[in-house]
Amino acid sequence: MSDRTWTLTVHGGSGRFERGIIPAEADAGARAGLGRALDAGSAVLAAGGTAVDAVQAAIEVLEDDPHFNAGRGAALSGEGRIELDAAIMDGRAREAGSVAQVTTPRHPIALARAVMDEGTHVMLAGPGAEAFAAARGVEAADAGWFELPERRRQLEELLARGNDAFDVDMKYG
Amino acid sequence: TVGAVARDANGHVAAATSTGGVTGKRWGRIGDSPLIGAGTWADDACAVSATGAGEYFVRVGAGRTIAARVKMLGESIGTATDAVLGEIVALGGTGGLIVVAPSGETAWRFSTPGMYRATASAEGARVVAIY
């Protein structure tokens with residue numbers, strides 16, 4: 001690879017599809033979202049930015065895109081709540097940041113990055129992570145931003161069928 | 001679950017993963033995404049982001065193991081990812097991973113019928129795929 005080259009790869013979840021195919025709108029929407037994530041991360045890299053800034057930029061696009069199970073459009077827990085997890089790691093010095101069971105940051109990856117940049121800890125969870133987010137001024141969103149009617153329907157369907165909660169992303173992706 | 005891995009113009013790599021978990025998950029259940037070394041990892045060997053049945057990626061230590069195989073066995077990221085996903089499948093898990101090396105080599109592997117994935121490079125390569 002030449003000195004000035006870069007590369008970016010993203011994923012939006014894996015799994016099986018109901019009846020083996022994705023509905024056309026979901027297919028087109030997901031592909032468009034992946035393309036926007038590539039555009040956001042590639043813009044950082046093409047301008048000489050760092051890999052860690054690029055992956056954060058790409059993920060924030062996908063967290064805002066309702067076609068994916070993260071941020072807006074996230075799956076609902078058995079209690080009907082949205083609890084988000086995220087992690088980021090920089091290979092240069094193995095710096096890492098991680099948050100679990102957070103409910104307020106619009107971009108959980110931005111909170112994980114704030115944990116990494118603050119440098120004391122690697123992982124914060126639950127109310128402590130929320131308090132850290134507030135203290136660092138990480139942008140918050142209310143539950144209505146994250147929850148989609150389709151996700152509520154999927155949860156109700158799953159519970160009505162008595163299925164266990166263990167499900168690969170895309171079955172209800 | 002969504003993820004990204006990148007290699008910048010200075011040859012450094014990074015990984016990021018974000019998720020809502022799984023529909024109907026038990027209260028308090030955490031999967032592999034936020035666990036450094038499982039669903040998210042980056043060091044000077046490679047950067048990894050995973051998606052799928054998280055408990056299996058945790059038990060295998062997926063991201064860290066791929067990097068260790070590259071560093072200690074001299075495997076390519078593709079070979080190392082095949083081996084680690086093979087361990088996951090052998091335990092009964094399913095899912096996928098995206099990986100990038102400081103050389104700029106990239107790899108993705110998945111054991112499910114599909115994985116939303118896309119890649120781009122300075123050379124102008126650009127792929128968006130699902131199946």
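Each chain gets a letter, A, B and so on, in the order its sequence line appears, and its residues count up from 1. Note that the coordinates shown come from a computational prediction; the quantities given were computed from them, not determined experimentally.
Counting heavy-atom pairs closer than 4.5 Å to chain A, the top-ranked of the candidates B:Ile98, B:Leu97, B:Leu35 is B:Ile98. With chain B as the partner, the residue from A:Ala58, A:Gly126, A:Ala112, A:Gly35 showing the most heavy-atom pairs under 4.5 Å is A:Gly35. The greatest number of non-hydrogen atom pairs below 4.5 Å with chain A, out of B:Gly93, B:Ala50, B:Gly31, is found for B:Ala50. Put simply, of A:Arg113, A:Glu63, A:His107, the one with the most heavy-atom pairs under 4.5 Å next to chain B is A:Glu63. Put simply, of B:Ala125, B:Gly3, B:Ser33, B:Ala6, the one with the most heavy-atom pairs under 4.5 Å next to chain A is B:Gly3. Counting heavy-atom pairs closer than 4.5 Å to chain A, the top residue among B:Ala14, B:Ala122, B:Gly39 is B:Ala122.
Interface residues of residues 43-57 of chain A toward chain B, defined by a heavy-atom distance below 4.5 Å and sorted by number: A:Leu45, A:Gly49, A:Thr50, A:Ala51, A:Val52, A:Ala54, A:Val55. Residues of residues 66-84 of chain B lying under 4.5 angstrom from chain A, judged on non-hydrogen atoms, are B:Lys71 by number. Interface residues of residues 130-144 of chain A toward chain B, defined by a heavy-atom distance below 4.5 Å: none. Within residues 82-99 of chain A, the residues approaching chain B closer than 4.5 Å by heavy atoms are, in numerical order, A:Glu83, A:Leu84, A:Asp85, A:Ala86, A:Ala87, A:Ile88, A:Met89, A:Asp90, A:Gly91, A:Arg92, A:Arg94, A:Ala96, A:Gly97, A:Ser98, A:Val99.
Between the CZ atom of B:Arg126 and the CG atom of A:Leu8 there is a distance of 9.5 Å, given to the nearest 0.5 Å. If you take CG on A:Leu159 and OG1 on B:Thr23, they are separated by 9.5 Å, rounding to the nearest 0.5 Å. For the atom pair OG1 (B:Thr17) and CD1 (A:Ile59), the distance works out to 6.5 Å, reported to the nearest 0.5 Å. For the atom pair CD1 (B:Ile30) and CD (A:Gln101), the distance works out to 4.0 Å, reported to the nearest 0.5 Å.
There is a path of hydrophobic side-chain contacts, each under 4.5 Å, that joins B:Val89 to B:Val99. Linking Ile, Leu, Val, Met, Phe, Trp and Tyr residues whenever their side-chain heavy atoms come within less than 4.5 Å leaves A:Val61 and B:Ile130 in two separate clusters. Placement of B:Ile88 and B:Val48 within a single hydrophobic cluster is found when ILVMFWY residues are connected by side-chain heavy-atom separations under 4.5 Å, directly or transitively. A continuous path of hydrophobic side-chain contacts links B:Leu91 to B:Phe57 [ILVMFWY only; heavy atoms under 4.5 Å].
Within the 4.5 angstrom heavy-atom criterion, no atom of B:Ala47 approaches chain A. B:Ser49 touches chain A through backbone and side chain together, each having a heavy atom under 4.5 Å away. Residue contact with chain A, scored on non-hydrogen atoms closer than 4.5 Å, involves the backbone of B:Val127 exclusively. With a 4.5 Å cut-off on non-hydrogen atoms, B:Ala45 does not touch chain A at all. Heavy atoms of B:Val128 lying under 4.5 Å from chain A belong to its backbone as well as its side chain.
Here the closest non-hydrogen pair linking A:Ala30 and B:Tyr116 is CB-CE2, 3.2 Å. Nearest heavy atoms, B:Trp108 versus A:Thr9: CE3-CG2, 3.7 Å. Contact record, B:Thr51 with A:Gly13: OG1-CA, 3.3 Å, taken as the closest heavy-atom pair. Here the closest non-hydrogen pair linking B:Ala129 and A:Leu34 is O-CD1, 4.3 Å. Taking all atoms of both residues into account, the shortest heavy-atom contact from A:Ala70 to B:Ser18 is CB-O, 3.5 Å. When every heavy atom of A:Val122 is checked against every heavy atom of B:Ile36, the shortest pair comes out as CG1-CG1, 3.8 Å.
Of the possible donor and acceptor atoms, none in the side chain of B:Arg117 sits under 3.5 Å from a partner among the backbone N and O of A:Ser14. Side-chain N or O atoms of A:Arg81 include none that pairs as donor or acceptor with a backbone N or O of B:Trp27 at under 3.5 Å.
With no hydrogens or angles considered, no side-chain donor-acceptor pair links A:Thr7 and B:Ser121 at under 3.5 Å.
Between B:Arg7 and A:Thr5 the shortest side-chain heavy-atom distance falls below 4.5 Å.
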